[in-house]
Amino acid sequence: MVAGKVIPVTILTGFLGAGKTTLLNNLLKDRLEENIAVIINEFGDTSIDSQLVVTTKEEIVEINSGCICCNVRGDLIDILNNMIEQEEKIDRIVIETTGMVNPAPVIQTFLMDEQMAKVFEIDSVITLVDGKHIWQHLNEEEPAQQIAFADLLLLNKVDLITDEEKQTLKEQLASMNPHAKRIYTTYANVDTEELIGKKSFDVTSVLKVAPNLLTNTHHHHHNNDIVSYVIKDNRPLDLDKVNKWFAYLVRIKGEQLYRYKGVLNIKQIERPVVFQGVHMLFAGTEGPKWTNNEVRGSEIVFIGKKLDLEELEKGFRYCLA
Ligand SMILES: Nc1nc2c(ncn2[C@@H]2O[C@H](COP(=O)(O)OP(=O)(O)OP(=O)(O)O)[C@@H](O)[C@H]2O)c(=O)[nH]1
């Protein structure tokens, strides 16, 4: 790293499925000439997210050992320190937090840790808001905090809502965070000039939201009703049964299923099937061919409220070919 140069940091936050990875991909594709280091934190012990991020020359580091906000003094600082020590120049760091965290501890890391504050500077905290599903989560702690800490709010998925809903959403968000700039997007499509290099992060506004940000130690209690399960199995699945199982999940469990995504090894399909879902919205496509050194297998992560692992496993077993 070049001595003395401050590295800008963009923090991407937003509830499960709001469009963070979609935005990250847009950003990376648009900024090919820059050397961007990406830090991704997953909720749950799986790396599906990094598989969904476009492959570019950027370095992608994952934190899988739990929640970024609870490990913030550990893993995140270690990763950042490693980045500082690298020879190669880093133009920017983008941190994609899991949909389940309050971004305050991540912000704190850059303000309170002396070494970090010398080398890094928060450029902006961008919060993605799922225009369709946010209403189901506004009474939960994390989405409200994510909105409150943003200096830029991307009101995403406007293709799925009416103009009236858009207006109501705008009023709701303005009441939760009057300082942030708001941009409406579909598939997080926005000129990246609007997103980065703006230095829109303003600690004074943030302190209005969280007066103890610079003094408090972190006590984050995860909502125990929200759980994450991963199912991994290499045995092939039957297409027809998979379709039936997912139809059931989406229709009957959609409300409880905040986020589900994964890769499926289906007997009748030569390539892996990559799918994602947010509540009752579900989409799947064929992914790139299995490579020779890849084990053909399925891996699914379910994140949701009061999910029953046994029932999910039973459903999965039903799908075996
Ligand atoms: N209809 C519609 N779908 C969208 C839009 N933006 C993203 N999606 C889809 O919503 C799903 C979730 O998008 P992601 O970008 O993976 O969301 P995320 O916030 O990274 O999700 P997590 O990391 O799991 O919290 C994907 O299937 C996207 O293709 C949008 O504007 N409109």
Side-chain angles (χ1 to χ4, degrees), residues 10-29 38-54 60 62-64 67-69 94-103 106 125-134 136-137 140 142-143 145-147 150 152-162 165-166 169 182-190 195 222-223 226-230 246 249-250 254 257-264 273-287 299-305 307:
T10 302
I11 299 172
L12 294 185
T13 173
F15 201 59
L16 296 163
K20 299 179 291 295
T21 307
T22 308
L23 180 71
L24 178 62
N25 280 335
N26 294 347
L27 194 83
L28 295 179
K29 280 189 215 145
V38 178
I39 301 175
I40 299 178
N41 177 216
E42 304 252 15
F43 184 74
D45 180 22
T46 177
S47 327
I48 290 164
D49 259 12
S50 58
Q51 294 177 35
L52 298 172
V53 173
V54 287
I60 297 182
E62 287 170 65
I63 305 176
N64 282 344
C67 165
I68 202 173
C69 71
V94 179
I95 302 180
E96 181 189 339
T97 67
T98 91
M100 286 307 300
V101 309
N102 167 1
V106 179
V125 177
I126 303 174
T127 301
L128 274 287
V129 177
D130 180 331
K132 172 87 182 160
H133 299 108
I134 188 65
Q136 283 160 260
H137 301 290
E140 288 167 31
E142 287 81 8
Q145 283 164 333
Q146 292 164 351
I147 291 167
L152 176 61
L153 286 169
L154 289 196
L155 281 59
N156 194 34
K157 305 199 186 177
V158 291
D159 56 318
L160 301 176
I161 59 174
T162 63
E165 287 168 327
K166 215 163 119 179
L169 181 63
R182 290 181 295 273
I183 301 181
Y184 297 96
T185 55
T186 296
Y187 286 97
N189 194 1
V190 53
L195 305 179
H222 289 269
N223 183 339
I226 300 175
V227 287
S228 144
Y229 294 130
V230 178
F246 274 100
L249 285 176
V250 169
L257 279 172
Y258 288 9
R259 193 78 174 101
Y260 45 113
K261 49 191 170 180
V263 178
L264 302 173
V273 172
V274 183
F275 74 91
Q276 325 206 8
V278 181
H279 291 293
M280 295 175 92
L281 285 184
F282 174 87
T285 54
E286 288 186 32
E299 182 174 349
I300 309 178
V301 58
F302 291 101
I303 304 171
K305 198 166 193 168
L307 295 179

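Treat the numbers as computed from the prediction; the structure is a model and nothing was measured. Numbering of ligands and ligand atoms starts at 1, following listing order.
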What do you reckon, are the aromatic ring centroids of Tyr258 and Phe302 less than 6.0 Å apart?
-> no

For Thr186, the ligand 1 atoms with a heavy-atom partner under 4.0 Å come out as 31 (O)

Between Lys157 and ligand 1, find which residue part has any heavy-atom pair under 4.0 Å and reply side chain, backbone, both or neither.
-> both

Donor-acceptor contact below 3.5 Å, side chain Asp130 vs main chain Leu16 | no

Consider ligand 1: state whether an atom of it lies below 4.0 angstrom from any non-hydrogen atom of Lys261.
-> yes

Proximal atoms of ligand 1 relative to Glu96 (non-hydrogen, under 4.0 Å) = 20 (O), 23 (O)

Determine whether the side chain, the backbone, both or neither of Arg259 has a heavy atom under 4.0 Å from any heavy atom of ligand 1.
-> side chain

Between Ile303 and ligand 1, find which residue part has any heavy-atom pair under 4.0 Å and reply side chain, backbone, both or neither.
-> neither

So Glu140 and His137, side-chain hydrogen bond (donor to acceptor under 3.5 Å, both in side chains) or not? Walk me through it.
-> CA-CA 5 Å; Glu140 288 167 31; His137 301 290; 3.3 Å; yes

Could you list the atoms of ligand 1 found under 4.0 angstrom from a heavy atom of Leu160?
-> 1 (N)

With a 4.0 Å cut-off on heavy atoms, is Gly14 touching ligand 1?
-> no

Test side chain to side chain contact (heavy atoms under 4.5 Å, CB included), reference Ile11, set Val94, Ile39, Thr97, output is Thr97

Close side-chain approach of Ile95 to Thr10, heavy-atom, < 4.5 Å = no

Give me the one residue out of Leu154, Leu155, Leu160 that meets side chain to side chain contact (heavy atoms under 4.5 Å, CB included) with Lys157.
-> Leu160

Is the closest heavy atom of Leu128 to ligand 1 under 4.0 Å?
-> no

May I ask you to check whether Gly19 has an N/O atom sitting below 3.5 Å from an N/O atom of ligand 1?
-> yes

Mind checking whether Asp159 contacts ligand 1 via backbone (N, CA, C, O), side chain (CB onward), both or neither, at a 4.0 Å heavy-atom cut-off?
-> side chain

Can you tell which of Thr13, Leu23, Leu152 makes a side chain to side chain contact (heavy atoms under 4.5 Å, CB included) with Leu128?
-> Leu23

State the atoms of ligand 1, each with its element, that fall below the 4.0 Å cut-off from a heavy-atom position in Leu16.
-> 25 (O)

Side chains of Leu24 and Asn26: does their closest heavy-atom pair fall under 4.5 Å?
-> no

Min heavy-atom dist Ala18 to ligand 1 below 4.0 Å | yes

Within 45° of the axis and under 6.0 Å from the centre of the six-membered ring of Tyr184, does NZ or CZ of Lys166 qualify?
-> yes

